[in-house]
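Down below is the structure, laid out as structure tokens.
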Amino acid sequence: MKKLNAEGPPVLGAELPGQKRFTAKEVHERLCEHCLVVDVRSKEAFAAAHVPGSINIPLGPSLPTWAGWVLPYDKKLLIIPSQPADVPGVVTHLIRVGLDQIGGYLEDGLDAWESHGFEIAQLDSLSVHALATRCAAQTPPFVLDVRTGSEMGWRTSRDGPPHPRRPAPGARRRGPDRGVRSPSSAGRGTAAPSPRRSSKAAATATSPTFWRHECVESGGAAVA
Amino acid sequence: MFFHQRFIPGLAIASYMIGDERTKEVAVIDPTRDVDEYLRIARDEGLRITHVFETHVHADFVSGSAELKARLAEGGTAPTVHASGMGGKEWTPPYADHVVRDGDEVAIGSVRLKAVHTPGHTPEHVMWVVFDDTRSRDVPWLAFTGDFLFVGDVGRPDLLGEEARRQLAHQLYRSVFDVLPPLPEFAEVFPAHGAGSLCGKAIGSRRSSTIGFERRFNTSLKPAAEGEWTERLLNGHAARAAVLSAE
């Protein structure tokens, strides 16, 4: 971004880019390695059904921060909005951070995509209660928490997690109420809503610390 | 005197319009790339945008100066873009019409803006100190502090990488304790960011302040030995997003 500013960003003119409407068939035809589908619907809608390989950044004030962080500057972006009226706002967010390569948007939303019979992907998400139940099971899952320290509610990531990374064998915790949250309960648009996005964030961020959280509710064995 | 603050949530960007209602001239400070609102406000107020000022090369959003200049040029009169040249050629935007040095002044009617070099967040950073000549030619009224001084914080010096950050932190220390002191207590502070921006770590939720309030309550302005001050400053910044990097 600094470099773009120092070199002088391209002038866009009075017309916002990315106002071209695409049918589901056209989006399907345009899917290739040179473009990326950006889904700005809610994370719940994305979890239920989305275009395979698409990235979800729900429309909201944090969109440009996440977009500038995780979206590529060298690929054409195709937007999947909740409704066409959202598109100018999304595009304004994107051009503020220099993401000008916006091809257009899916005009009839994901319903049109589904009704064409095109492939959809889904995300499994768990409520915190369902996760707690799983953690209490005989073979609890391994929980990898990819939030940063500030998202965890610590003052800074340097403060570390609220409890040690590797508890002594047999140590008990009060439960996963603080340490573990499912994407659906993380809220505020700060948690990574898709695996793809979180892995990209992990690759590009320089300082987030990734902590392990062990499921030790109800005397279950720690998963270290 | 015309004054307007435009705040964009999320990126938490504050840009400004300041001008002289008698001469009908107005300037835009640190515009974002979606420039329609500046054009609309100028039209509604019967003002002409004649100048664009930048405080520094932004790392977290694309400057709207080139866009605004091009859009106004279509209508017949391009504004003069003022941007710092103190970071060398590499950090001087090519669309700048006036490559600014420390102490340069620009008058817009009775409103006068003076460039004060305040390196630290970036090497070329300037704050624009504003005088209302109808009140006083000597005593400033307010300052557009850019990413040098926020409400409750100073701009992070670590965005240009590990090597540069020590030097920038040193420059920021000098800017805070040598350059800022002459400003009077009552001078108002209008920064380029509010709470939520990644450019600081403790930015307050209010969108303006005064030098006196900041001297009293901004912990980064509390006198301290340079080593101790720098350590405190460099600790605990939010993840440096790729978007903020120099590349």
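Letters A, B, ... are given to chains in the order of the sequence lines, protein chains preceding strands, and every chain is numbered from 1.
Counting all heavy atoms, side chain and backbone alike, B/P94 lies closest to A/A6 at CD-O, 3.0 Å. Pairing each heavy atom of A/P9 with each of B/S63, the nearest pair is CG-O, 3.8 Å. The two residues B/H58 and A/N5 have their closest heavy-atom pair at O-ND2, 2.8 Å.
Residues A/V11 and B/E74 are not in side-chain contact: their nearest non-hydrogen atoms beyond the backbone lie 4.5 Å or more apart.
Residue A/E15 qualifies as open at atom CD: its count of foreign heavy atoms under 6.0 Å is 12 or below. The number of heavy-atom neighbours closer than 6.0 Å to CZ of B/R174, taken from other residues, nucleotides and ligands shown, is above 12. For A/Q19, the CD atom sits in a packed shell: over 12 heavy atoms of surrounding residues, nucleotides or ligands are nearer than 6.0 Å.
Looking at B/E90, only its backbone comes within 4.5 Å of chain A, counting heavy atoms on both sides. Only the backbone of B/T92 comes within contact range of chain A, judged by heavy atoms closer than 4.5 Å. Residue contact with chain A, scored on non-hydrogen atoms closer than 4.5 Å, is absent for B/L39. Using a 4.5 Å cut-off between heavy atoms, B/S197 does not touch chain A at all.
Checked against A/K2 for a side-chain contact (heavy atoms from CB on, under 4.5 Å), the options B/L159, B/D60, B/T122 give a single hit: B/T122.
For chain B, the option among A/G8, A/G60, A/A67 with the highest count of heavy-atom pairs below 4.5 Å is A/G8.
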Set out, in order, the CA-CA distance, both residues' side-chain angles and the distance that settles side chain to side chain contact (heavy atoms under 4.5 Å, CB included) for A/V97 and B/L11, then state yes or no.
CA-CA 9 Å; A/V97 294; B/L11 293 170; 3.9 Å; yes
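Note that CG of A/L4 is 6.5 Å distant from CZ of B/R33, once rounded to the nearest 0.5 Å.
Side-chain atoms of A/E7 do not come within 3.5 Å of backbone N or O of B/P93 as any donor-acceptor pair.
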